[in-house]
Each structure stands twice: as C-alpha cells, then as structure tokens.
Novice: 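Attaching a single structure in structure tokens format; questions to follow.
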Amino acid sequence: FSFLDLTTYRRNRNHFKGLLGSSVRPRKEIEPLIDACAKAGVRWVYFSPRNMRRTKELASQMGIDTAWNCAISLRPLESGTDDTFRMTSNYADWDVNAKLPHGVEDVKRHLEEVDNVPLLVSLFTDVTKETTAEMVNIFQDYHDTVLSVGLSHLPRNQEIFSRADIAIGVDVLAEEVSFHHSMHYHTDEESFLLPEEILFVSSISAYSSVFNLPGSSSICHLMEIIRIGRASLEAVTAAVAFVLSGNLSFGIFILLCPCTAATAVPVIPTLGSFLYMLVLLMIGSSIAATTDEDSGAMSRVPPKNDPSSKFSLKESKRIYMNGVLRAAPQAILSQFVYIVAFCQLMWEFESPFLEEHCLDFSGNESMGNNPPMVKIIRCDALRNYSGPAKISAGMISLASLAICTCFSSASFVFRTESIRSEPPWKRNHLWVLALFLSLISIAVYLGVSVEKGSMVALPLNFYALFLASPFLCLFLNELVKKIDHKHEKRAVMMRRLQFETRLGMWSPKESSHIMEHVANKSPIL
C-alpha cells in the first residue's frame, strides 16, 4: 500500500470502530436471564425511553419477541394523526394493522373494552417515568405482582420503585467511577471521590429498593433471588397451614370432650395444653419454615393476586373442607384413646368403686381380667368422678393428640407434594430432629404427670390403638393432600397455558371457552 492508501484504510477502520462503539448492545447476561424468567413463569417487560425503530433491534438482541403485537408506545397519539416514529416494514405497517393502543389512557380503554393484550406485551417504548409508574399501577390493578429492576442511582426510577411490589436496584456507579488518587492534576485531597462516598450515595438513592445489586453483572443473581423468595413463601405458607391445622385439631378435641360417649367428661390438663399450643406447634412451624423448595418450584407459573379467585365461595369451601378433614382425625382418635384408657385405669385403680356403683354381678359372674367397657363408660356414678384415673386418661389422650400432630407435620412440609415423591427427611433434616425431640418430650411429660403405674396397667390393645393412630392420621392427611394436589396441578396447567398463549389470541370471550376444556380434561392441554 502507498502511504495515502494506508491512511485511508486506518481512517475507515476507525470509522467502523466508532460505529460499533456508539451502538447500544445488551449485556450478555440479559438473554439467558429472560429465558430463565420465562421458564419460571415470570413475564419480562422492557420499558424503553427510545422510539420503536431504535428499540426493535435492541429488544431482538435481548431475546424479546419483536413479531406481531410485540410493542406498545406509551406516547399518546392524537386521533387522525400519523406516528412518524412507528416501526414500518416493506410488507405492512404492523402497528396499524394490529391496532395496538398508544398512550396510557388508550391502554386502559383497551383493557376495559377489548382484551388483555397490553398485559401480555413484553416491550413498551417512548416511556417516561410518569407513564412507566402508571403502567406499574395498571399491572397491579389487574392482579399482577410487579418486580421492578432498574438503575438505583437514577432519580427518575425512585417513583417506579416505590410503586412496585418489589424493587431491585442495580448500582453501576462503583464500576463506572474511577478512583485515581495519584494523578498530577489532583492537588487537593478533598477533591477525591472515595469508594465509601459512592457507597453512601448509592445507599441513599436505593432507599425504595429491597436489594441494591453492586454492578450490572450482578443481575445474574436475579433468578436466585426469585428462587429463594418462592421457597420462603412456600415454606411459610406450609408453616402457617400446620399451625392452623394444629390449633383446629385442638379446638375440635376440646369441642368433642363434652360430647364424649363416657359420662366422665375428660379433663384437659393446663400444662399440657400450654406445651402443645405454644411449644410443640411453634417448633413444628419453625422447622417447616426452613424447608427448601420442591423440585418443580422454578417451573410453575405463580398465581395472580386476585382476591376474587383466591377467596371465592367455591375456593373457600374447598379450603375449609380440606382443613377440617386434615385436622379432625387427630381429635377423633384421641377421644377413642381417652375412652379406652379411662376404662382400663378405672378398672385398675377404682375396682371397688366400680363394683359397688357401676357393675352388677350375680350368680357365678366375676370381674375377670377384661373390664366391661360399656357399663363403665355409661355409669352415672362417674359423672362427678375426679380421681387419678380420669386425670391420667385426659393426659394420655392429649399426648396422643400431640403425637398424631407430630406425625402429621410430615404432610405439611410440602403443601401439595406427597411424602413419597418429596420425603421430608430428605429435604428437611431438622424435621427429623424436631420429631425425635418432640416424641422424647411427650414421653417425659407422660412419665412425670400421669399417676404412677398407669402406663403399665394399660393392655396391649390400648397400645395398638395408641401407636396406630399417628400413622392413620398421616395416611388420611395424605389422602386429602392427594385431592388437593390434583386441583393444584390443574390450576398450574391453566396458568401455564395463559402465560404461554400467543399475544392477540387470548381474550375474555375465549377464556371461558378454554376453562371449559380444562374442566372437561380436553386434549387442548
């Protein structure tokens, strides 16, 4: 090359570098993050201040669909005017043909009168901080949970962060600002920017954010935050369900005491009640709250925050029925334990009293080794009896309720998954330790509280009932949870269908039709 050719080549190459340097390209973490969000049932929505022409290429590189019904401009368009910023093609102006709304007010009108397509769009252009904040409110009005992610040091994002359900800020100041303390033009130490000062400013600007991620590369941790959040929500839900079920079992147990078949109403020990409600249930719920997520947690579409569907009459009946069916077996079986224990202990400690007031022996009849349970249970002389047999039988029945509750807690570690598919001893090792300590505590309580010789006096058939009750309660809980699992599985399939439906094909009129197919188990799924 000549010197002139070499100079021209270098100048053209520098122009090419300048074009590449001025182009806007997404970070490499964005595209896999959007794919992971889609698999987890999280719809990624990008709000761009640029117009459609400039945003289309960037959105395509991010992995956002830029085909039919792909974007909505939040810049209001007056009726009868043309939008010069509209994205056009050689075949057709898709924005006009699709008749997508322009501006926030047009979006609201479209949602009320047409369909829910604006809620399914993943790209909004020509946005400002005011229009973005209004769209956050619109998503929330239609029962969506909004997770807002943006730069934490920009003042225009603060209002958006404050309106979102959860806000995560990304702090890029630390990686953008250089700290050169030895440069020759710095003559005064007070002119230096210290890292602590940048951290302080970033902390103040991110006051509306739950997390403030350091550096733009840290956005890859977003899915881990979502995973931990879902696991925590599921674990806390299971813990609350266990506490409610345990208290409901105790309430049914107390309600059944005056309705018992025995004339001697059971005595509920105060200390045992305190230990059951404030120690046993609290320990069980705390352990349940530490459970890891199940295997399919990050592949399910979460439900919307719609009170009309969560607390509808049909759904409420189902929840209440499931709660009663899971709480009642413990209370009922404990009453049977009380009746058997009371008869045996009365036979052991109060035989003369029974022979005098309750039993009628004539001829060659003798008391023998087996007590006549029906006569003892229905003896009128025992209505005001308050001896050791009655007190000990009440303690044993409460201990039976506690043991049944401990075993039933295995069914609450995972809300809908069976213990065969998700064993609690594999995902939550603390549960095994808590169960072991709870059983030891109950045994110590019985050894200290009941009348001396009571446990030895009880026959083998009592211990067969006493030991079989926890496993029977666990089995019945799993049966109820199996029915609940089928209902939840259909709901998950329906939410996934709604999430993956192509834009423009989902409308209020079609939703009832598809719900009919789901109810009839149509091949549409």
Side-chain angles (χ1 to χ4, degrees), residues 238-239 241-254 256-257 266 268-269 272-273 275-277 279-285 287-288 291 322-342 344 392-415 417-420 422-426 428-447 449-450 454-455 458-482:
F242 172 70
V243 172
L244 294 177
S245 178
N247 283 282
L248 183 58
S249 296
F250 187 72
I252 297 175
F253 175 73
I254 294 178
L256 292 178
C257 285
I268 308 300
S273 303
L275 294 177
Y276 175 83
M277 298 185 65
V279 177
L280 182 66
L281 293 183
M282 292 301 105
I283 292 177
S285 61
I287 297 301
T291 307
N322 287 352
V324 172
L325 291 178
R326 298 184 73 171
Q330 294 90 303
I332 296 174
L333 290 175
S334 299
Q335 292 294 329
F336 283 107
V337 169
Y338 166 78
I339 292 175
V340 176
F342 178 68
Q344 295 291 342
S392 297
M395 293 179 179
I396 293 173
S397 64
L398 182 60
S400 174
L401 174 66
I403 294 175
C404 292
T405 303
C406 290
F407 275 79
S408 299
S409 65
S411 184
F412 287 91
V413 173
F414 295 102
R415 190 168 59 89
E417 298 297 327
S418 172
I419 60 175
R420 282 196 251 175
E422 294 286 351
W425 48 87
K426 290 186 177 180
N428 194 335
H429 300 291
L430 291 177
W431 177 85
V432 180
L433 178 61
L435 177 63
F436 181 71
L437 294 178
S438 299
L439 295 179
I440 292 179
S441 301
I442 294 171
V444 172
Y445 169 75
L446 287 178
S449 301
V450 299
S454 297
M455 304 305 296
L458 296 172
L460 292 178
N461 58 356
F462 166 80
Y463 283 104
L465 176 62
F466 188 81
L467 296 178
S469 297
F471 296 98
L472 181 59
C473 291
L474 180 59
F475 175 73
L476 295 176
N477 272 267
E478 284 297 305
L479 285 182
V480 177
K481 192 167 71 170
K482 186 177 181 180

Novice: Work out which heavy atom in Ile419 is nearest to a heavy atom in Ala410; give both atom names and the distance.
Specialist: CG2-O, 3.4 Å

Novice: Walk me through it: do Thr405 and Leu281 pass the test side-chain contact (heavy atoms from CB on, under 4.5 Å)?
Specialist: CA-CA 9 Å; Thr405 303; Leu281 293 183; 3.9 Å; yes

Novice: Distance-only, no hydrogens or angles: does the Ser400 side chain make a donor-acceptor pair with backbone N or O of Ile396 under 3.5 Å?
Specialist: no

Novice: Got a donor-acceptor contact below 3.5 angstrom from the Tyr276 side chain to the Gly246 backbone?
Specialist: yes

Novice: Identify the heavy atoms of Ile283 and Ala434 that sit nearest to each other, and give their distance.
Specialist: CG2-CB, 4.4 Å

Novice: Can you tell me how far CZ of Phe253 sits from CD1 of Ile332, rounded to the nearest 0.5 angstrom?
Specialist: 12.0 Å

Novice: Given 3.5 Å as the limit, does a donor-acceptor pair link the side chain of Asn428 with the main chain of Val413, or not?
Specialist: no

Novice: Is any side-chain heavy atom of Ile403 less than 4.5 Å from a side-chain heavy atom of Phe466?
Specialist: yes

Novice: Around Ile440, counting heavy atoms of other residues, nucleotides and ligands shown, do more than 12 lie under 6.0 Å from its CD1?
Specialist: yes

Novice: State, yes or no, whether a side-chain contact exists between Asn461 and Leu465 at a heavy-atom distance under 4.5 Å.
Specialist: no

Novice: Once you round to the nearest 0.5 Å, how far does CZ of Phe471 lie from SG of Cys404?
Specialist: 10.0 Å

Novice: Let me confirm one number: the CD-SG distance from Gln330 to Cys406, rounded to the nearest 0.5 Å.
Specialist: 10.5 Å

Novice: Taking all atoms of both residues into account, what is the closest heavy-atom pair of Trp425 and Trp431, and its distance?
Specialist: CE3-CZ3, 4.1 Å

Novice: Measure the spacing between CD1 of Ile287 and CG of Leu437 and express it to the nearest 0.5 Å.
Specialist: 9.0 Å

Novice: Not counting sequence neighbours, which residues clear side chain to side chain donor-acceptor pair (under 3.5 Å) with Ser245? List them please.
Specialist: none

Novice: Does CZ belonging to Phe462 count more than 12 external heavy atoms closer than 6.0 Å?
Specialist: yes

Novice: For the pair Ser285 (side chain) and Met282 (backbone), establish whether a donor and an acceptor sit closer than 3.5 Å, ignoring hydrogens and angles.
Specialist: yes

Novice: Would you check, one step at a time, whether the test side-chain contact (heavy atoms from CB on, under 4.5 Å) holds for Tyr445 with Met395?
Specialist: CA-CA 9 Å; Tyr445 169 75; Met395 293 179 179; 3.9 Å; yes

Novice: How long is the span from the CZ atom in Phe407 to the SG atom in Cys473, to the nearest 0.5 Å?
Specialist: 10.5 Å

Novice: Quick check: are there more than 12 heavy atoms from other residues, nucleotides or ligands sitting under 6.0 Å from OH of Tyr463?
Specialist: yes

Novice: Of all heavy-atom pairs between Ser273 and Ile268, which one has the smallest distance, and what is that distance?
Specialist: OG-CG2, 3.2 Å

Novice: Output every pair passing side chain to side chain donor-acceptor pair (under 3.5 Å) with a member in residues 331-340, not counting sequence neighbours, ordered by first then second residue.
Specialist: none

Novice: Looking only at heavy atoms, which two atoms of Gly394 and Ser397 are closest? And how far apart?
Specialist: O-OG, 2.7 Å

Novice: Just verifying a value: how many Å separate Met277 CE and Asn247 CG, rounded to the nearest 0.5 Å?
Specialist: 4.5 Å

Novice: State, with a plain yes or no, whether a side-chain heavy atom of Leu244 is found less than 4.5 Å away from one of Leu248.
Specialist: no

Novice: Taking only residues two or more places apart in sequence or in another chain, which ones pass side-chain contact (heavy atoms from CB on, under 4.5 Å) with Ser411?
Specialist: Arg326, Leu474, Asn477, Glu478, Lys481

Novice: With the side chain counted from C-beta on, respond yes when Leu401 and Val337 share a heavy-atom pair under 4.5 Å apart, and no when they do not.
Specialist: no

Novice: Considering only heavy atoms from C-beta outward, does the side chain of Leu472 approach that of Leu333 to under 4.5 Å?
Specialist: yes

